[in-house]
Amino acid sequence: MAQYTRVSGSVGLITLQSPPVNALSAAVRQGIVDLMQRALSEPEVKSVVICGQNGIFCGGADIKEFGGQMSGPPLIPMIHAIEAASKPVVAAIEGIALGGGLELALGCHYRIAHSKARVGLPEVTLGLLPGAGGSQRLPRLIGVPAALDLITTGRHVTAAEALKFGLVDQITDHNTVNVAVKFAQRVADQPLDARRISTHPCLCPSDVAVLFEEVMQRVRRTARGAIAPIACVQAVRAAATLPYNQGMERERELMATLFTSGQARALQYFFFAQRAVGRWSMPSGARWDTSKPRPVHKAAVIGLGTMGRGITVALAQAGFSVVAVETQEKQLMEAKQAISGMLERGAKRRGVAPALDKINYGRNIQSVADVDLVIEAVFEDMALKKKVFQQLSAVCKPSTFLCSNTSGLDIDQLACQTRNPELVVGMHFFAPAHVMKLLEVVYGPKSSPLAVATAMQLGKKIGKVSVAVGNCRGFVGNRMLKPYLEQALFLLEEGATPEFVDQVLEEFGFAMGVFRMSDLSGLDVGWKVRLADGLAMPDPTMGQPTRLRQGRRYSPLGDLLCEQGRFGQKTGRGWYQYDKPGSQVAKPDPWLHSFLDEYRARHALVAHRIDHQEVLERCLYSMINEGFRILEDGIAAGPEDIDVIYVFGYSWPRHRGGPMFYAATVGLNKVLERLEHYYQAHPDVPSLQPCHLLRKLVASGSPPIQKWREVIKKVRSQL
Ligand SMILES: CCCCCCCCCCCCC[C@H](O)CC(=O)SCCNC(=O)CCNC(=O)[C@H](O)C(C)(C)COP(=O)(O)OP(=O)(O)OC[C@H]1O[C@@H](n2cnc3c(N)ncnc32)[C@H](O)[C@@H]1OP(=O)(O)O
Ligand SMILES: NC(=O)c1ccc[n+]([C@@H]2O[C@H](COP(=O)([O-])OP(=O)(O)OC[C@H]3O[C@@H](n4cnc5c(N)ncnc54)[C@H](O)[C@@H]3O)[C@@H](O)[C@H]2O)c1
């Protein structure tokens, strides 16, 4: 909807009204069309101002409408009519002008922005391009290089940056609508021809062809298979090389392809999934909207290794006072230096002062007595963690929340060491913790809604996307990683190479294939866990490693590499070879290939030809199957939680929506059928056995992902 008021006698003010972000729904578009006609027909009105209610100009097209039948006046002719208007139209931009919202403003003759406003064309992040003339008007207004940057990245720019680009005409610290109204009065009689951006020539640098080539190459390299960034470059190239009308036609063609693509559907699903995970719930019925968090002012981090350092930086940067505790003197010194460096580099990038004074370092756990929340990040060793939790419980105030950054140990066992187990939750960060967006907030059987709400809110304050999950080995992310890693090893045993498996997964869109990723994280991490679990054998002289452990197929390949000191990048050898320890450039290793040949010969394994399809299906479907088990067990509340975890924590390609959305795209019946096929071929691999929930969903006619929760509820109630 939109509202019309006459201000100062001669200015028609059109206010967009569609909470929460004044998106351009059918009703808003209809309102704009009607009210523009009214303003143009009233002889007293000499100029028009368009603004949005509640300090928000416009969040763009209404994304919810994209999935269904579009109705109401189309956006492009609406914006053309504004640009063609005989009276000056001024956009008063407060809050945000994004996507279609900025395109609307580009159709206006003038743009006035509040100094705190942000503008941008983020369509690319939704699998689209600025399809209401944005790809044609923006380069005409601010030049091709700047337009390419904004449109291919989708980044939001501040009002100050927008002014520098010439994207807005004026910025103000005062009431933007009042300033725009006065401005509109001043320009009421000014000629408009030069203000219509579609009539401008497109400003191109002399080497524009080279620029497009370079940008296209960069975009292809970084897109990981996403098509929208490429279409964005093509659309801007049309602006640079074609007359406006032909450029608009090209924009329409490209948009039509994107609009109906699976990638756009996946990215739009993911947009809403990201927001849905904030509305968490626990099996007890506790929910985000009925559980109030307690404020946290001062926090502590215990253990300043890889993770503790990043967590300390994330907390300090967000303005929290931090007590950082590390028992080893040498580690403490190194940590101080590393944390200060990270804070200084981050502050330089953001143009602020480094938050060095927010941190107090110490070696004694007694120093955390007065903090509101502790995050423990000591070695992944249950006995050590139990001891630390006992100490914390004795030292801290009774109201202190005690959290663990464990990658997968039982939160309940830690809670049992404390006086107030209801205040214990997992806060599972991902490395590097000050960079990675994901935080798994893990509730155990005793965790209170208060503790979950507080950890979720803390996550939000430090800029994380937090997902509340239940307590089980590996939680959601690492639990699903296990069958994925396992299948990758089995594929090597059966004839594949690390390079081939990685190539297939990287072509699918992962930032790194499974073996490259393992080399980066360190092969010793998983090895230690397997040793502790009695899976890996500590001493190879105790006998040939068998390929069956605890009644199921097991691949000792990773253990064998670790026994040779091949821990990955850190030792310069792993699944690949590196020029020197710490180097990141992975090269195929002939030693590894011979080692695999010998291994197969020793175990009488006949290598067979493994193709792309087999790699993808076995790695991904076994992981997805575990995802369904997680849903069945109630560890994740819905598929969105799993998808958000995988995109933000495990580099799953966002344009494929996440593993559960991908399963829905492939077709649940196909996933089921292929899992059945592989399970028949490998009956000693339980992770390939299709789980009950998957079967139930297929039996229920494979409902759309938005309806899975109903089936999940039924399945859980029958357990
Ligand atoms: C047959 C073939 C035909 C092909 C041709 C078809 C042609 C169709 C013509 C289309 C023309 C294209 C026009 C245009 O180029 C396309 C667009 O404009 S796409 C939209 C671009 N805008 C965005 O991407 C902005 C998205 N929003 C945000 O980034 C943020 O929400 C925000 C605006 C910065 C606000 O952030 P926050 O304050 O943190 O708040 P939330 O993010 O939590 O959001 C609150 C609430 O609002 C919902 N919401 C936000 N934006 C939109 C939106 N644009 N549409 C609908 N809903 C929106 C958000 O989901 C939250 O609600 P919740 O999910 O929590 O219920
Ligand atoms: N490294 C990762 O990628 C990653 C990712 C997510 C979670 N985690 C988890 O985070 C935790 C820490 O992992 P990390 O990789 O940072 O380990 P790390 O080995 O780099 O660091 C652990 C630090 O804890 C210190 N420490 C040990 N006992 C202590 C005590 N009693 N008091 C204070 N400090 C003590 C050690 O001296 C060391 O500096 C583990 O539980 C791990 O599973 C690790």
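Ligands are counted one by one from 1 in listed order, and the atoms in each one are counted from 1 as well. All values derive from a computational prediction rather than experimental measurement.
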of all protein heavy atoms, closest to atom 10 (O) of ligand 2 is N405 ND2, 2.9 Å
At under 4.0 Å between heavy atoms, what of F430 touches ligand 2? The answer is neither
Looking at G308, G426, S407, G408, the heavy atom closest to atom 42 (C) of ligand 2 belongs to S407
**Asked** Is there a donor-acceptor pair closer than 3.5 Å between any side-chain N or O of T418 and the backbone N or O of L414?
**Response** no
Problem set entry | Any N or O of A61 closer than 3.5 Å to N or O of ligand 1 | yes
Q.
Check for me whether R479 meets the cation-pi criterion with F475, that is, NZ or CZ under 6.0 Å from the six-membered ring centre and within 45 degrees of the ring axis.
A. no
Checking heavy atoms under 4.0 Å, the part of L384 that sits near ligand 2 is side chain
task = Work out whether the distance between some heavy atom of R279 and some atom of ligand 1 is less than 4.0 Å.
result = yes
A student comparing L520, T306, I375, L304 should find that the heavy atom closest to atom 15 (O) of ligand 2 comes from T306
So for V525 against ligand 2, with non-hydrogen atoms under 4.0 Å, the contacting part is neither
Can you tell me if P130 has a non-hydrogen atom under 4.0 Å from ligand 1? yes
### Query
Parallel, tilted or perpendicular: which fits the ring planes of F430 and H428, with parallel below 30° and perpendicular above 60°?
tilted
request  = Anything under 30° is parallel, anything over 60° is perpendicular, the rest tilted; go ahead and classify W652 against F510.
outcome  = perpendicular
Do any nitrogen or oxygen atoms of E326 come within less than 3.5 Å of a nitrogen or oxygen of ligand 2?
-> yes
Practice task
Consider every N or O of R275 and every N or O of ligand 1, then say whether any pair is closer than 3.5 Å.
Solution key: yes
I302 heavy atoms within 4.0 Å reach ligand 2 at atoms 32 (N), 33 (C)
Report task. Look at the side chain of E83 and the backbone N and O of I197, then say whether any donor-acceptor pair between them is shorter than 3.5 Å. Result -> yes
Checking heavy atoms under 4.0 Å, the part of Q331 that sits near ligand 2 is side chain
Polar contact flag for H428 and ligand 2 (N/O pairs, less than 3.5 Å):
no
Ligand 1 to V21 polar contact by distance, N or O atoms, under 3.5 Å: no
